[in-house]
Structure formats: structure tokens, C-alpha cells
Amino acid sequence: MKGSIGTSATTTRVLKALSIFGGAQALGVICAVVRTKVTAVLIGPAGVGILAVLVSTMDLLTTISQLSLRQSAVRDLSAKQSDESRQRITGIVRRLALLLGIFGLMTAVVLSPFLSRWGFGNSDYILSFVCLAPMLLFSSVAGGETAIMQGYDKLGGVAKSSVYSALTGVAVSIPLLYFFRVDGLVPVLLTYSFCLFAFSLKFGVHTGHRVKISTIEALKDGKSILGLGIYMTLSTTFSMMSAYLFVVFLNHNYDESTVGIFQSGYTLINSYVGIIFTAIAVEFYPRLSSVIGHTKRAEVIVSHEIKIAMSVLVPLVLIFASFAWLAIKILYTSSFEAVLPFVTIGMTGCMFRAISWCMAFVILAKGDGKIYLWSESLSAVLYLVLFVVLFRHMGFLGLGIAYTLWYLAYTVIIYLIYRRRYGMRLRGGTRRLCIAGLATGIAGVVLSHTLWLYAPMILLVAVAIVFKFKIKNRPKK
């Protein structure tokens with residue numbers, strides 16, 4: 001059935017998933033902001049600093065120890081296969097998640113003296129890191145269950161586990177911080193990770209019959225999952241390293257306040273707007289993986305997703321760019337206003353990010369780990385070079401331009417892979433929609449940067465232009 005955004009069944013499903021997971025992600029961000037605010041009020045800046053070091057350290061250990069199992073397992077679970085085969089893969093994923101979680105826990109305990117020294121410059125936090133080690137087990141098991149829910153298309157369970165764990169974590173953290181102050185930080189983090197673990201089990205997939213998988217079987221039969229996961233982990237590590245090196249560059253050549261201002265802007269663009277991309281991935285990736293063996297069907301799905309992403313993102317970009325000054329005042333203080341050019345101009349890059357994001361999932365769906373590692377590593381190098389060079393010459397204005405050029409170049413790279421390596425193309429007027437959306441977004445960003453009082457009018461024009469295009473193609477089941 002042909003239809004517009006309002007009548008296409010596939011579009012309705014995508015938008016429903018986007019609203020559900022976008023809302024869940026937004027709630028998670030709000031809960032994190034509340035937790036940080038409560039920490040700041042009850043413990044002060046020192047408490048916020050300790051919390052940031054603990055969280056970033058555990059996030060790094062999680063990334064390295066879990067081998068991106070949550071993302072890599074979705075591909076195998078989503079492939080069309082018999083119930084028996086899917087139940088076996090489910091058993092393999094659960095066993096691997098448990099093994100990686102135990103490995104991560106042991107690693108955190110062994111490295112705790114070094115983590116304390118690297119993170120805080122002393123040995124005072126060894127016990128804290130030992131106590132936080134179970135987080136790696138909890139998050140690994142929860143990640144495995146989330147992958148299974150995605151693979152089985154039980155997306156409601158993913159949203160529920162995310163929402164309930166975020167709300168419960170905040171509800172428990174407030175009294176812990178109130179009564180125990182700094183000593184309550186470790187229990188707060190443990191509580192949240194345990195809640196995510198418990199709710200992922202509660203809302204997870206229950207097939208009624210669990211296939212027993214031994215450790216040797218899981219390692220042997222899960223090679224494809226682990227292999228892709230290793231490439232994804234290496235790619236993530238390169239990206240994290242490039243971001244770290246740029247922060248080091250700012251800290252060594254400028255000062256801490258410059259680093260803080262940059263981090264605030266990067267969070268506004270990459271994290272808050274990134275909620276949309278995370279929501280897209282939850283529904284889109286397993287659906288694409290299930291048909292990746294059929295090129296034409298995969299083309300239709302990718303093109304359709306790009307249209308949806310652009311239709312949602314262009315108005316959001318215009319709103320964000322027009323009222324970024326207000327967001328900075330609400331979330332931070334007036335001393336962070338120097339980052340405004342970075343945020344407003346950088347929002348243009350988010351539209352290129354949406355286009356490349358949808359095409360890049362084809363690489364993962366095909367299990368092409370080496371190409372994914374190559375493309376992401378090249379992206380990390382481009383990020384570092386563009387950000388360093390343009391910040392030196394143009395300050396925060398240069399960062400906005402660098403962010404846009406970074407994702408423009410990345411889009412070109414991914415499109416060349418998409419077109420030449422896989423022989424795939426964009427269908428159904430996708431290019432026209434992208435050009436119209438990009439033109440509208442860029443014009444709106446430029447005008448809002450100089451004449452922000454006209455932002456509502458710009459927004460209405462953008463919505464009219466973008467939604468004028470009908471999504472004529474929908475994926476065949």
C-alpha cells in the first residue's frame with residue numbers, strides 16, 4: 001500500500017518505536033540530570049567530580065570487557081531461522097553475556113589499585129572500584145537480554161526495562177545520597193546497574209524452553225558474534241581515544257574552563273540529540289538484519305528509514321538551533337554561552353549524521369567487521385584533525401564547522417561503501433528529500449544564528465517542506 005507518513009503501516013510502526021524509545025531515552029537523560037543535580041546539592045562540586053570519574057571509568061571497562069555483545073548479537077538473532085535455531089542462539093548469547101560479565105568483574109577487581117591511581121592519583125578508591133565490579137556482571141547480563149529482546153522484536157520489554165530501572169535508580173539514589181553523602185555514591189551506581197539487570201530479566205524473552213549451552217559450545221558456536229563484537233569494540237575504542245586526545249589537547253593548550261565549555265556543547269549535540277539515533281537503532285537494526293540477504297528489500301528499508309529520520313530531525317534541528325541559548329541557560333549557566341556557535345552550526349552535522357547512520361547499519365547487518373573498523377577508524381582520525389585545526393584558527397565557531405564537515409565526510413565514506421562494495425542505492429526520492437531537508441536545515445541554522453526571533457516562522461516552513469514529501473515505498477515483509 002502506498003501512503004504518506006500518516007498512512008504507511010511501516011512508517012507508523014517506526015514512528016511509534018521512535019516515540020517510545022525516544023521517550024525512554026529522554027527519561028533516562030532526565031534521571032541522570034536529576035542524579036547529578038542531587039549530587040551537586042548534597043555533596044557539592046567534589047561529589048560531582050568523584051561521580052564523573054567513577055562513571056567514566058566503569059563505562060570504559062564495560063566497553064572493553066563486553067565486546068559489544070549487545071549490538072553484535074542482534075544480527076544473528078534477527079536472521080530468519082527455525083525456532084530451534086533461534087533458541088540455541090539465545091542460549092549462546094546468554095552464556096556469552098554471563099562469561100563476559102564474570103571476566104569484567106574479575107578484571108575490575110584485579111585492576112582496582114591501578115584504576116584508583118589513574119583516576120584519583122591515590123589509593124583511596126581501591127575498595128570503591130572493588131565494590132563497583134559487580135556492575136560489569138549486571139550490565140553484561142542486561143545487555144545480553146536486551147539484544148535478545150531486540151532480536152525477538154520484543155521492543156516493549158526494552159523500553160520498560162530502561163524506564164523502570166531509571167526511575168527506581170533515581171528513587172533509591174536520593175535517600176542514599178541524603179543519608180550517606182559521598183559514601184553513598186558507590187551504592188547509588190550499584191543500585192542503578194542492579195535495577196537494569198533485574199528489570200531486563202523481568203521483561204526479557206521467556207521462550208518456555210531454555211537450551212542448555214556449555215561454555216565450550218558458547219565460545220565455539222559464538223565465534224561470529226564475538227568476531228563482529230571485537231571489531232565493534234576496537235572501533236569504539238578508537239573513537240573514544242580520539243575524543244580523549246582532543247580533550248587532552250584543550251587541557252594542555254588552554255585551560256579547564258575551555259574543556260568544560262566544550263564538553264557542555266558536545267553533550268548538547270551528541271548526547272541529547274543522539275537520543276533520536278539510539279531510538280532509531282533499537283527498531284531499525286534488527287529489522288534490517290532480518291532481510292539483509294535480499295538487496296532490494298534492504299535498499300527499501302534503508303531509504304525508508306532515512307526519510308523518517310530526516311522528517312523527524314529537520315524540525316528538531318531547527319528548534320534546537322533556534323533556542324540553543326535557552327537550553328544552555330537552563331542546563332548550565334551564562335558562562336557557557338561561548339559554546340553557542342558550536343551548538344547552532346554543529347546541528348547541521350546532525351542531519352548528515354542521520355543519513356550516514358542509516359547506511360552504516362548495513363555494514364553491521366552484513367557482519368563486515370573489517371570494513372566497519374576501517375570506516376570508524378578513519379572517522380576518528382578525521383574528527384581529531386578537523387577539531388584541532390579549526391579550533392586553533394576559529395575557536396568554538398570552528399568546532400561547529402568541524403562537526404559538520406566531519407559528518408559530511410563520514411557520509412561520503414559510508415555512501416561509497418554502501419554503493420560500491422554492496423551495490424546498493426537509495427530509492428524512492430530519498431536523495432531529493434535529503435537535499436531538501438539539508439537545504440532547509442542549513443538555511444534555518446544560518447537565520448536562527450542571526451535572526452532567531454524569526455525561528456518559529458522558519459520552523460513552520462521547514463515542517464511544510466519536509467512533510468510535503470510522501471514516503472512512497474515501504475519495506476516488504
Side-chain angles (χ1 to χ4, degrees), residues 60 62-81 89 92-93 96-97 99-100 103 140 143-144 147 150-151 218-245 277 280-281 284-295 297-299 301-302 305-306 352-353 355-386 406-426:
L60 179 61
T62 298
T63 299
I64 295 173
S65 66
Q66 292 181 18
L67 299 181
S68 300
L69 179 67
R70 174 178 171 177
Q71 293 78 21
S72 61
V74 172
R75 172 179 169 269
D76 290 61
L77 287 164
S78 300
K80 293 185 181 299
Q81 54 198 319
I89 294 174
I92 291 172
V93 171
L96 290 176
L99 292 173
L100 292 173
F103 170 73
S140 182
Q150 283 185 257
L219 294 174
K220 180 181 178 181
D221 297 340
K223 283 183 180 179
S224 63
I225 296 175
L226 291 175
L228 180 58
I230 289 172
Y231 283 118
M232 294 177 71
T233 300
L234 288 173
S235 302
T236 303
T237 302
F238 282 129
S239 298
M240 294 175 68
M241 183 61 68
S242 64
Y244 172 75
L245 289 175
F277 299 107
I280 288 173
F284 171 57
Y285 182 29
R287 184 159 51 90
L288 176 64
S289 298
S290 67
V291 300
I292 197 61
H294 306 278
T295 300
R297 293 179 67 183
E299 286 176 350
I301 286 179
V302 172
E305 201 72 22
I306 291 176
F352 289 113
R353 183 181 176 188
I355 299 168
S356 59
W357 182 268
C358 295
M359 290 189 293
F361 271 107
V362 172
I363 305 175
L364 294 179
K366 286 183 173 291
D368 206 346
K370 291 182 180 179
I371 292 297
Y372 186 76
L373 176 60
W374 175 84
S375 61
E376 295 302 306
S377 301
L378 182 57
S379 172
V381 172
L382 285 171
Y383 164 86
L384 188 60
V385 172
L386 286 170
W406 173 35
Y407 271 110
L408 171 60
Y410 182 70
T411 301
V412 172
I413 293 169
I414 295 300
Y415 180 74
L416 290 175
I417 296 172
Y418 182 82
R419 188 75 183 91
R420 296 187 178 181
R421 183 174 179 83
Y422 304 128
M424 298 175 67
R425 58 193 180 89
L426 299 178

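One is the number of the first residue; the rest follow in order along the sequence.
Between the W406 side chain and the S379 main chain, a donor and an acceptor come within less than 3.5 Å of each other. Between the side chain of S140 and the backbone N or O of L100, no donor-acceptor pair lies under 3.5 Å. The backbone N or O of A365 sits nowhere less than 3.5 Å from a side-chain atom of S289 that would complete a donor-acceptor pair. Within the 3.5 Å criterion, the main-chain N or O of V74 finds no donor-acceptor partner in the side chain of Q150.
In this structure, a donor-acceptor pair under 3.5 Å is absent between the side chains of T63 and T236. E376 and Y410 are linked by a side-chain donor-acceptor pair at a separation below 3.5 angstrom, with hydrogens and angles left out of the test.
Pairs of residues two or more places apart, or lying in two chains, never qualify as side chain to side chain donor-acceptor pair (under 3.5 Å) while including a residue from residues 356-366.
To the nearest 0.5 Å, atoms CD1 (I230) and CG (L373) are separated by 11.5 Å.
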Derivation and outcome, side-chain contact (heavy atoms from CB on, under 4.5 Å), residues V302 and F284: CA-CA 9 Å; V302 172; F284 171 57; 4.2 Å; yes
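Side-chain atoms of T295 and Y422, non-hydrogen and from C-beta on, never get closer than 4.5 Å to each other. At a threshold of 4.5 Å between non-hydrogen side-chain atoms, the residues I417 and W374 count as touching.
More than 12 heavy atoms of other shown residues, nucleotides or ligands fall within 6.0 angstrom of atom OH in Y415.
Residues forming a salt bridge (charged side-chain N to carboxylate O under 4.0 Å, His left out) with R421 (at least two apart in sequence, or on another chain): D368.
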